[in-house]
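The structure appears below as structure tokens.
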Amino acid sequence: MSSTKANGIKINNNYYAGKSAKIYNQLAKQTAVDSIKLFTKKYGPYPYSELDLTESPFSSNTGGMEYSGLVMIAQDTFARKKAASKEDYDSVIEDISHEVAHQWFFNTVGNDEYTEPWLDEGMAEFSEDIIFDLSPINKIPKKYDETDTAYNGGKSFYSLLRYLMGEKKFD
């Protein structure tokens with residue numbers, strides 16, 4: 001375990017030992033710090049005094065899972081690899097920023113995540129793009145994949161709403 005702080009919030013990073021553990025730890029913690037700072041600025045204060053990150057034994061196609069004050073990230077991105085690729089680094093940043101965004105969307109700004117998952121998944125995807133400093137309006141898919149509506153459809157809704165309202169009013 002390794003700890004740091006962002007905006008007075010303690011961030012604990014629990015990760016598996018391995019060849020890439022040091023790099024994973026640095027990347028995971030910095031992404032969590034950046035996410036806390038940026039989302040606090042955009043959406044308001046982080047709702048808890050602590051955030052726990054943990055590598056979890058599920059596959060990378062799961063990405064991660066969020067709970068109040070807890071972010072679980074698929075461990076197979078870095079575990080058992082001789083050297084991580086740029087895609088591995090991007091995946092960790094995407095997964096952590098996405099799951100940290102859930103601390104606001106569904107946790108602080110609540111919704112029924114079971115029957116209307118597009119509300120919080122879409123906003124988490126949209127927020128993930130903010131971490132990468134991407135223009136979300138440029139990422140609206142040309143056609144919708146019904147199996148991915150909660151993620152990309154929701155993100156497209158927020159991106160279009162931001163475009164139509166203007167960034168200042170939307171924020």
Side-chain angles (χ1 to χ4, degrees), residues 1-81 83-134 136 150-151 154-155 158 171:
M1 184 173 91
S2 168
S3 298
T4 191
K5 284 194 169 203
N7 293 0
I9 307 301
K10 184 175 183 184
I11 300 170
N12 299 310
N13 186 29
N14 301 283
Y15 57 97
Y16 295 109
K19 292 181 178 176
S20 300
K22 184 177 178 181
I23 294 168
Y24 173 85
N25 176 44
Q26 292 171 337
L27 182 60
K29 278 196 317 188
Q30 189 59 54
T31 301
V33 165
D34 292 346
S35 297
I36 293 281
K37 287 180 177 179
L38 186 56
F39 299 156
T40 293
K41 185 177 177 183
K42 290 265 183 200
Y43 307 134
Y46 176 74
Y48 309 104
S49 60
E50 191 169 299
L51 174 64
D52 293 317
L53 305 174
T54 184
E55 274 189 281
S56 298
F58 38 76
S59 67
S60 60
N61 65 348
T62 303
M65 187 64 200
E66 74 286 345
Y67 298 95
S68 300
L70 173 64
V71 167
M72 300 166 62
I73 301 299
Q75 60 95 22
D76 73 347
T77 299
F78 274 77
R80 298 180 304 279
K81 287 193 173 186
S85 68
K86 181 183 180 324
E87 290 78 24
D88 292 331
Y89 296 129
D90 287 350
S91 178
V92 169
I93 293 168
E94 289 170 3
D95 292 344
I96 291 174
S97 61
H98 176 98
E99 302 307 337
V100 171
H102 279 300
Q103 301 303 306
W104 283 265
F105 304 97
F106 75 91
N107 283 338
T108 302
V109 180
N111 68 285
D112 183 345
E113 64 182 89
Y114 183 75
T115 59
E116 300 290 345
W118 70 273
L119 289 166
D120 65 288
E121 291 301 345
M123 196 57 165
E125 286 286 302
F126 178 84
S127 299
E128 177 186 312
D129 286 350
I130 292 172
I131 287 292
F132 281 96
D133 195 27
L134 299 173
Y151 291 85
K155 177 174 69 171
Y158 291 117
D171 288 349

Euclidean distance, [Y] [atom2] relative to [X] [atom1], rounded to 0.5 Å:
{"X": "Phe39", "Y": "Phe105", "atom1": "CZ", "atom2": "CZ", "value": "9.0 Å"}
{"X": "Lys29", "Y": "Tyr24", "atom1": "NZ", "atom2": "OH", "value": "12.0 Å"}
{"X": "Met1", "Y": "Thr54", "atom1": "CE", "atom2": "OG1", "value": "10.5 Å"}
{"X": "Gln30", "Y": "Ile11", "atom1": "CD", "atom2": "CD1", "value": "9.0 Å"}
{"X": "Asp52", "Y": "Met72", "atom1": "CG", "atom2": "CE", "value": "11.5 Å"}

Have [X] and [Y] got a donor and an acceptor in their side chains that come within less than 3.5 Å?
{"X": "His98", "Y": "Glu66", "result": "no"}
{"X": "Ser3", "Y": "Asn12", "result": "yes"}
{"X": "Asn14", "Y": "Glu55", "result": "no"}
{"X": "Lys10", "Y": "Ser49", "result": "no"}

Say whether, by atom type as modelled, one donor and one acceptor occur between the side chain of [X] and the main chain of [Y] under 3.5 angstrom.
{"X": "Thr40", "Y": "Lys37", "result": "no"}
{"X": "Trp104", "Y": "Gly44", "result": "yes"}
{"X": "Gln103", "Y": "Tyr67", "result": "yes"}

Q. side-chain contact (heavy atoms from CB on, under 4.5 Å) between Leu27 and Ile93: does it pass, once the steps are laid out?
A. CA-CA 7 Å; Leu27 182 60; Ile93 293 168; 3.6 Å; yes
Considering all heavy atoms of both residues, which atom of [X] and which atom of [Y] are nearest to each other, and what is their separation?
{"X": "Ala101", "Y": "Ser127", "answer": "CB-CB, 3.6 Å"}
{"X": "Ile96", "Y": "Ala32", "answer": "CG2-N, 4.0 Å"}
{"X": "Tyr16", "Y": "Ala21", "answer": "O-CB, 3.4 Å"}
{"X": "Phe58", "Y": "Ala74", "answer": "O-CB, 3.3 Å"}
{"X": "Val33", "Y": "Lys5", "answer": "CG2-O, 4.2 Å"}
{"X": "Ser35", "Y": "Val100", "answer": "CB-CG1, 3.6 Å"}

Q: Might you work through the side-chain contact (heavy atoms from CB on, under 4.5 Å) test for Glu121 and His102, ending with a clear yes or no?
A: CA-CA 8 Å; Glu121 291 301 345; His102 279 300; 3.2 Å; yes
Q. Just wondering, do Tyr46 and Leu51 contact through their side chains at under 4.5 Å, heavy atoms?
A. yes
Q.
Do Ile9 and Tyr48 make a side-chain contact, defined as non-hydrogen atoms from C-beta onward lying under 4.5 Å apart?
A.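 When only atoms from C-beta onward are counted, Tyr48 and Ile9 do not touch, as no gap falls below 4.5 Å.
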Q | Among Leu53, Asn13, Thr31, Asp95, the one residue meeting side chain to side chain contact (heavy atoms under 4.5 Å, CB included) with Val71 | A |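 Output: one option passes, namely Leu53.
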